[in-house]
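Only one structure is covered here, and it is reproduced in the block below.
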Protein chains: 2
Amino acid sequence: MSWKRNNPDPPRGYHHGNLKEELVRAALGLIREKGANGFTFAEAARMAGVSPAAPYRHFRDRDALLADVAARGFEAFALALTKAWDQGRPDAGVAFNRLGAAYLAFAHDEPAYYSAMFEAGLSLDASPELRLAADRAFQVLRHASEALIALLPPEKRPPSLMMALHIWSLSHGVAALFGRADGGRRPLPMSAGELLEAGVLIYLQGLGLGPRGKPAG
Amino acid sequence: MSWKRNNPDPPRGYHHGNLKEELVRAALGLIREKGANGFTFAEAARMAGVSPAAPYRHFRDRDALLADVAARGFEAFALALTKAWDQGRPDAGVAFNRLGAAYLAFAHDEPAYYSAMFEAGLSLDASPELRLAADRAFQVLRHASEALIALLPPEKRPPSLMMALHIWSLSHGVAALFGRADGGRRPLPMSAGELLEAGVLIYLQGLGLGPRGKPAG
DNA sequence: GCCGCCATGTTAGCGCTCGTCACATGAGCT
DNA sequence: AGCTCATGTGACGAGCGCTAACATGGCGGC
């Protein structure tokens with residue numbers, strides 16, 4: 001157990017000991033405050049108390065740090081979605097609604113992660129971990145969609161991939177356009193959460209899934 | 001008629017004569033190639049053949065140029081949507097489908113505009129024109145939604161604002177996640193256009209609007 | 001217990017950008 | 001013709017990304 005720097009501020013000498021983690025934390029703070037593109041490598045270094053060149057020992061370049069943050073974001077995202085889905089309990093319908101709420105909650109509560117994940121303009125194959133983490137998050141949606149679709153009579157079942165993509169798109173659209181507290185966007189007569197919930201409800205109705213996840217309302 | 005530089009390349013002296021327009025064109029080219037954040041003020045100046053300080057005579061700063069591009073984008077967008085809607089002919093249903101296709105076509109064919117409009121992280125009140133142009137584009141969707149809703153029996157009519165927001169969100173989500181040719185995103189078994197069309201269809205079905213815009217399929 | 005390796009830090013520096021100055025030019029009005 | 005002011009230029013300071021050469025000291029081998 002090489003206990004490196006669990007305690008908040010051990011007097012550090014020449015070697016920092018935990019710089020990589022600290023840089024990620026600093027990046028998260030900066031992205032939260034100034035957006036994914038306002039964030040600068042140099043400032044993260046300053047915030048961690050090291051020279052501007054130090055970060056390059058841990059990340060190839062600025063984008064690599066961003067990609068790392070994004071990958072962590074997708075993992076946290078996948079976790080949050082999995083937890084919200086909770087294996088489809090008590091039934092697929094309500095669990096699915098929790099999923100939508102969790103999506104928006106994540107975008108709202110973790111703007112730094114969300115920024116890095118979707119607004120930084122990163123290609124998904126900036127790193128393998130990034131793509132893997134993103135896929136894992138999507139799989140939760142995909143799985144939930146399958147569970148809901150299973151409630152339909154076989155001849156009326158849409159492709160679960162398509163359904164998952166629709167839900168993801170609607171969620172992302174709502175989050176991107178109205179879900180942030182940045183003030184710069186359009187004021188609405190309803191919250192983003194209500195908007196998304198209503199949208200999902202109507203969509204499910206369109207598939208033949210009634211209000212509570214039961215076929216044909 | 002102060003004919004300032006309508007012809008492609010009149011020998012210019014000290015004064016450019018049409019720098020503002022040229023800068024916007026240069027910006028569009030750069031954004032198309034390198035994304036909204038790769039775009040640089042200095043390079044636009046270079047491209048227009050002027051010194052790096054010249055653009056500041058026409059735009060307060062880099063963001064002002066971006067906002068101008070975005071505003072022009074929203075105007076072109078509103079125009080394209082209006083044209084696609086074509087006053088709801090031949091009927092609201094097919095016209096609405098054209099609207100969705102036009103949305104995606106715009107995102108696909110004018111990536112520079114779309115980038116400036118949605119991915120540059122601009123606040124909508126960066127300039128009054130920007131907000132106005134954005135509102136005008138949204139009004140087209142709103143108007144189309146109202147026309148479709150009017151087909152429903154009064155007691156089943158959802159708020160048209162909500163419906164417009166749903167469509168906008170779904171469209172934007174599809175465009176942002178899968179609609180660009182940037183390659184970095186996820187490969188799909190269907191095109192973004194088909195995905196959106198199917199999604200809108202299901203959504204409308206959920207509202208009680210059948211396949212061809214007729215109530216209750 | 002000493003020594004040397006090399007991961008991780010430092011300083012220095014290049015090339016670039018944004019944005020601001022004071023200054024130059026010349027188009028158009030009087 | 002002469003003035004004026006919008007529009008262009010050149011030089012500059014500050015900040016950033018990234019590289020190169022050098023410094024430090026933690027750790028394993030002897």
Side-chain angles (χ1 to χ4, degrees), chain A residues 1-6 9-24 26-27 29-31 33-69 116 120-122 126, chain B residues 1-7 9-27 29-31 33-69 116 120-122 126:
Chain A
M1 182 185 301
S2 72
W3 84 117
K4 297 184 176 182
R5 206 158 196 290
N6 287 346
D9 227 31
R12 56 167 279 260
Y14 196 93
H15 284 64
H16 185 290
N18 201 17
L19 186 50
K20 187 165 185 176
E21 291 304 313
E22 201 113 352
L23 284 174
V24 170
L30 289 175
I31 295 173
E33 287 173 15
K34 317 204 217 171
N37 297 305
F39 146 75
T40 117
F41 224 45
E43 195 165 357
R46 226 173 295 140
M47 197 160 286
V50 297
S51 81
Y56 290 89
R57 296 293 174 196
H58 299 275
F59 300 97
R60 194 167 35 74
D61 57 16
R62 187 180 170 282
D63 271 11
L65 172 48
L66 231 40
D68 193 287
V69 170
L122 284 178
Chain B
M1 185 183 303
S2 73
W3 84 119
K4 297 184 174 180
R5 208 157 195 289
N6 287 345
N7 35 351
D9 228 31
R12 57 167 276 260
Y14 195 94
H15 283 67
H16 185 290
N18 201 15
L19 186 50
K20 187 166 184 176
E21 291 304 313
E22 201 113 350
L23 284 173
V24 169
R25 280 183 25 198
L30 289 175
I31 295 174
E33 287 174 14
K34 318 205 216 170
N37 298 305
F39 145 75
T40 210
F41 222 46
E43 196 164 357
R46 227 173 296 141
M47 197 160 287
V50 297
S51 82
Y56 290 89
R57 296 293 174 195
H58 299 275
F59 300 97
R60 194 167 33 74
D61 57 15
R62 187 180 168 283
D63 270 11
L65 172 47
L66 230 41
D68 193 287
V69 171
L122 284 178

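So that the names make sense, note that chain A is the first sequence line, chain B the second, and so on, each numbered from 1.
- Rounded to a whole Å, the NE2 atom of A:H58 is 10 Å from the P atom of C:dT10.
- Rounded to whole Å, the distance from CG on B:L66 to P on C:dC18 is 11 Å.
- With rounding to whole Å, B:L19 atom CG is found 13 Å from D:dT9 atom C1'.
- Atoms CG and CG, on B:N37 and B:L66 in that order, are 8.0 Å from each other to the nearest 0.5 Å.
- Taking atom CZ of B:F41 as the reference point, atom P of C:dG19 lies 7 Å away to the nearest angstrom.
- Taking CG from A:D68 and CD from A:E21, the interatomic distance works out to 8.0 Å, rounded to the nearest 0.5 Å.
- The side chain of B:A54 approaches D:dG8 more closely than any other nucleotide in the set D:dG8, D:dC16, C:dG19.
- As rounded to whole Å, 16 Å separates atom C1' of C:dG9 from atom NZ of A:K20.
- Note that CG of B:L23 and CZ of B:R57 are 13.5 Å apart. Values are rounded to the nearest 0.5 Å.
- For the pair B:L122 and B:D63, the minimum side-chain heavy-atom distance is below 4.5 Å.
- Taking only side-chain nitrogens and oxygens, B:R60 never comes nearer than 4.0 Å to OP1 or OP2 of C:dG19.
- Rounded to whole Å, atom P of D:dC16 lies 11 Å from atom CZ of A:F39.
- Ranking D:dT9, C:dC18, D:dC16 by closeness to the A:A42 side chain, first place goes to D:dC16.
- Between the P atom of D:dG8 and the CG atom of B:L23 lies a distance of 9 Å, rounded to the nearest Å.
- Contact annotation: B:R57 does not reach the phosphate of D:dA6 (side-chain N/O to OP1 or OP2, under 4.0 Å).
- For B:A53, taking side-chain heavy atoms from C-beta onward, the closest of the listed nucleotides C:dC18, C:dT20, C:dT10 is C:dT20.
- As a whole-Å value, the separation of A:N37 CG from C:dT17 P is 17 Å.
- Proximity of A:T40 to the phosphate of D:dG17: a side-chain N or O atom is located under 4.0 Å from OP1 or OP2.
- Atom CZ of residue A:F41 and atom CZ of residue A:R46 lie 13.0 Å apart, to the nearest 0.5 angstrom.
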